[in-house]
Number of protein chains: 2
Amino acid sequence: MRPTTKDLAKAAGVSLATIDRVLNGRSGVRQKTVDAVNEAIERTGFQRNQVAATLARQKGYRFGFVLPRSGDEFLDVIIKHISEFDQASRAEMIATKVVRIDDHDPHRAAKTLSRLSADDYDGIAIMAPETPQIRDALYRMRERGIQTVAFISNQQEEGSQSFVGIDNIAAGATAGRLMARFLGHTAGSILVLAETMQSRDSLERRLGFDKVMSREYPQFDALPTLETHGTAERTRLVLANAFAAHQDIVGLYIMGSEARVAIDLAQNLCGEEKIITIAHERTPSTEHALRAKTLDALINQDPGHIIRSAVRTLRAQCENRETLASQERIRIEILIAENL
Amino acid sequence: MRPTTKDLAKAAGVSLATIDRVLNGRSGVRQKTVDAVNEAIERTGFQRNQVAATLARQKGYRFGFVLPRSGDEFLDVIIKHISEFDQASRAEMIATKVVRIDDHDPHRAAKTLSRLSADDYDGIAIMAPETPQIRDALYRMRERGIQTVAFISNQQEEGSQSFVGIDNIAAGATAGRLMARFLGHTAGSILVLAETMQSRDSLERRLGFDKVMSREYPQFDALPTLETHGTAERTRLVLANAFAAHQDIVGLYIMGSEARVAIDLAQNLCGEEKIITIAHERTPSTEHALRAKTLDALINQDPGHIIRSAVRTLRAQCENRETLASQERIRIEILIAENL
DNA sequence: AAGTTTTTGAGGTACGCACCTCAAAAAGAG
DNA sequence: CTCTTTTTGAGGTGCGTACCTCAAAAACTT
């Protein structure tokens, strides 16, 4: 039988109340006693029964997913998955809610964050660009006792904060390698498209892409990143200009998660010769393009896994546990028509 | 506040005892009453609190993973992941154990299965070839009240039993498409290797592979499947013969999960011209080969996901719940050096 | 040493459900 | 209508932990 708090109390030679104080980090316990209890935990191999703990807490766990207000197709997919998860996990006493923030105004975003109270949220997973305001807001949030985890968009390297999502440098490198291999022996220019190069994610993807292309495939010329600013008109404009300026375009790498317009457009502009097109994130339209062969490959991060992983991470933080890093690494998925 | 059993009792106009009887499928309740309770469940939106239920059950859940005794590298990976999972989920009152069966002797295997008691296992996930004996043993097991789920190796189509794993036809097609795209404009013969073509998994993979190759890439000649019987000697023999008989080999597709020997061997036999090699399942050695560029792509099913999914499925069956199919579909992963 | 503060213990209640017993009520049989 | 069988209700206990209160003990202060 696994030891319970009662057994632990006996083993440590203290009372249940003290065990409770130590286990839940309450004050008023001498360091000496804390050490004795921890020693007993080690010795007996005590593990808190999370099932009973969750039940006793009354309120299960309430997690918030902080997402940008303005969104692309991928965001819709994420939101759908969050609500699905919410449904499925209610029986486990885990409630998830989506909170939208103004992604173009860091001050307003930070203000929204500052209004999130520990009375309503045990933790939040945030997808937002890294700005000083948001960084500060997150810091204060943690001080308020709300756990935080960055997801999809990384916040910073410093490791002070956990992150759930893919390694974007590796994702870019993956795209680069696939592009080169699919192109085979041909040579020419490759277009790279992003919503904006302000975002760290795009920068990292580009970095990874170039690392592979420039070092190993000199026959290709990866052109400077074109910025679409997320609008259809501008996408049209920059793509038309690029095709006019370069006659030898053989590939298109769409780094942003809104690929719809670009795929359709490139299809028309490229003429007879088909170009290899690679995009990110599985959405209804990229999926359709993949099936229609207007897209050759998709680099994807599974929304379901990301969400579950974010919740597991937040929960572990709430319970002061470690997570198995191996279980939480989000895979960089390569999708083609056959493995959708 | 979510309704509890108490609320449900009031809503249905029955006592807690009756609610308990209905919820846990005990006998001695008139159909009329059962219907009334179910109607009240619908009406109030009652959902059993699994946290409390698990706690009250005393014994958490005990699941067995039935694996073949003779194993390859992939099996080792699976086992490692199961024990990792076991560690991590003890706090959730879920215990997992590995049970080995004799995969070459269906009768002994069935006998081992018949000895598994409902007193020791709430459910089992089985990875085994489909034979009448095993099918029967599984049937009887379910009668004994043990939930079952097939994993990795499918048992049958009939849908009477749940399956956690990849669609092997699609996996084969994925391999085929990648093979063709990586080969580009070259032409020639492609070797296909399997442990045995007796297994349904290999058959399905071959089927998918051929579907893509024969229909869309007539320039390639996918040779008949070579069987290695899982031994290094035979692998050496069939490969040497094949390379001797065909001078135009450009690709190698290894369908089994023991790729080590074949990769090394093909590397030596193919001479100057590099051949495109694709294998299944991530293991230390396929991972190494991928990094060393002696392997071009890997088709993988994530062991961690499979195991978690199998457990979620078994648990849902124990609790008489549905699972979200979308959450449980195992992805056919494409791995290259960049997205390992 | 007396007083003050800090630390600890003993005991309780609650969470939502499973599982048990026994008696009472309802339904069916003759 | 009585007798038997089936169905239902009332009540209890326990799972392992969180969280609370109050008093007692121990540790410092002056």
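Since this is a predicted model, take the numbers as computed values, not measurements. Because only heavy atoms are used, hydrogens play no part in the values below, and waters and symmetry mates are left out as well, while side chains stay in.
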Could you pick out which residue, B:Val14 or B:Gln58, lies toward the 5' side of DNA chain D when each is mapped onto its nearest nucleotide? B:Val14
Base, sugar-phosphate, or nothing for A:Gly13, non-hydrogen atoms under 4.0 angstrom? sugar-phosphate
For B:Glu42, the side-chain contact (heavy atoms from CB on, under 4.5 Å) test, sequence neighbours excluded, returns none
Roughly, in whole Å, what's the span from CG in A:Leu23 to P in D:dG16? 15 Å
From CZ of A:Arg26 across to P of C:dG9 the rounded distance in Å is 15 Å
Under the rule for side chain to side chain donor-acceptor pair (under 3.5 Å), what residues qualify as partners of A:Thr54, not counting sequence neighbours? none
Here's a test of your reading of the structure: between B:Leu16 and B:Ala56, which maps to the more 5' nucleotide of DNA chain D? B:Leu16
What is the distance, to the nearest angstrom, from the CZ atom on A:Arg321 to the P atom on D:dT17? 14 Å
So, using side-chain contact (heavy atoms from CB on, under 4.5 Å) as the criterion, who are the partners of B:Asp136 when residues are at least two apart? B:Arg140
Which residues pass the ring-ring contact (aromatic ring centres under 6.0 Å, His included) test with B:Phe85, not counting sequence neighbours? none
Using heavy atoms and a sub-4.0 Å distance, could you list which residues of residues 38-53 of chain B are near DNA chain D? By number, please. none
Output the rounded distance in Å from NZ (A:Lys59) to C1' (C:dG16). 17 Å
Tell me: CD1 of B:Ile19 to P of C:dC19, nearest whole Å? 16 Å
Does either side chain, that of A:Gln301 or that of A:Glu333, offer a donor lying less than 3.5 Å from an acceptor on the other one? no
B:Arg100: which residues meet the side-chain contact (heavy atoms from CB on, under 4.5 Å) condition with it, sequence neighbours left out? B:Leu67, B:Arg69, B:Leu75, B:Ile79, B:Val98
Expressed as a whole number of angstroms, how long is the span from A:Asn24:CG to C:dT8:P? 16 Å
Between D:dG16, C:dC19, C:dT8, spot the one nearest the side chain of A:Thr33, thanks. C:dT8
Contacts of type side-chain contact (heavy atoms from CB on, under 4.5 Å), residue B:Ser153, not counting sequence neighbours: B:Met127, B:Asp201
Does a side-chain N or O from A:Thr5 land closer than 4.0 Å to OP1 or OP2 of D:dT17, or not? yes
Can a side-chain donor-acceptor contact be found between A:Glu319 and A:Tyr61 if the only test is distance below 3.5 angstrom? yes
Give me the residues of residues 85-93 of chain B where at least one heavy atom lies under 4.0 Å from an atom of DNA chain C, by number, or none. none
Those residues at least two apart in sequence (or on a different chain) that pass side chain to side chain donor-acceptor pair (under 3.5 Å) with A:Thr313 are none
Across nucleotides 21-28 of chain D, 5' to 3', mark each nucleotide with B, S or - according to how protein heavy atoms within less than 4.0 Å reach it. ------S-
Can you tell me which nucleotide in C:dA18, D:dG9, D:dA18 comes closest to the side chain of B:Thr18? D:dG9
In this structure, how many angstroms lie between the C1' atom of C:dA10 and the NZ atom of A:Lys10, rounded? 15 Å
What residues form a side chain to side chain donor-acceptor pair (under 3.5 Å) with B:Glu39, not counting sequence neighbours? B:Arg43
Please report the distance, rounded to the nearest Å, between CZ in A:Arg57 and C1' in C:dC15. 12 Å
Relative to the ring of A:Phe151, is the ring of A:Phe65 parallel (under 30°), tilted (30 to 60°) or perpendicular (over 60°)? perpendicular
Only counting residues at least two apart or in another chain, list the ones meeting side chain to side chain donor-acceptor pair (under 3.5 Å) with B:Glu84. A:Ser326
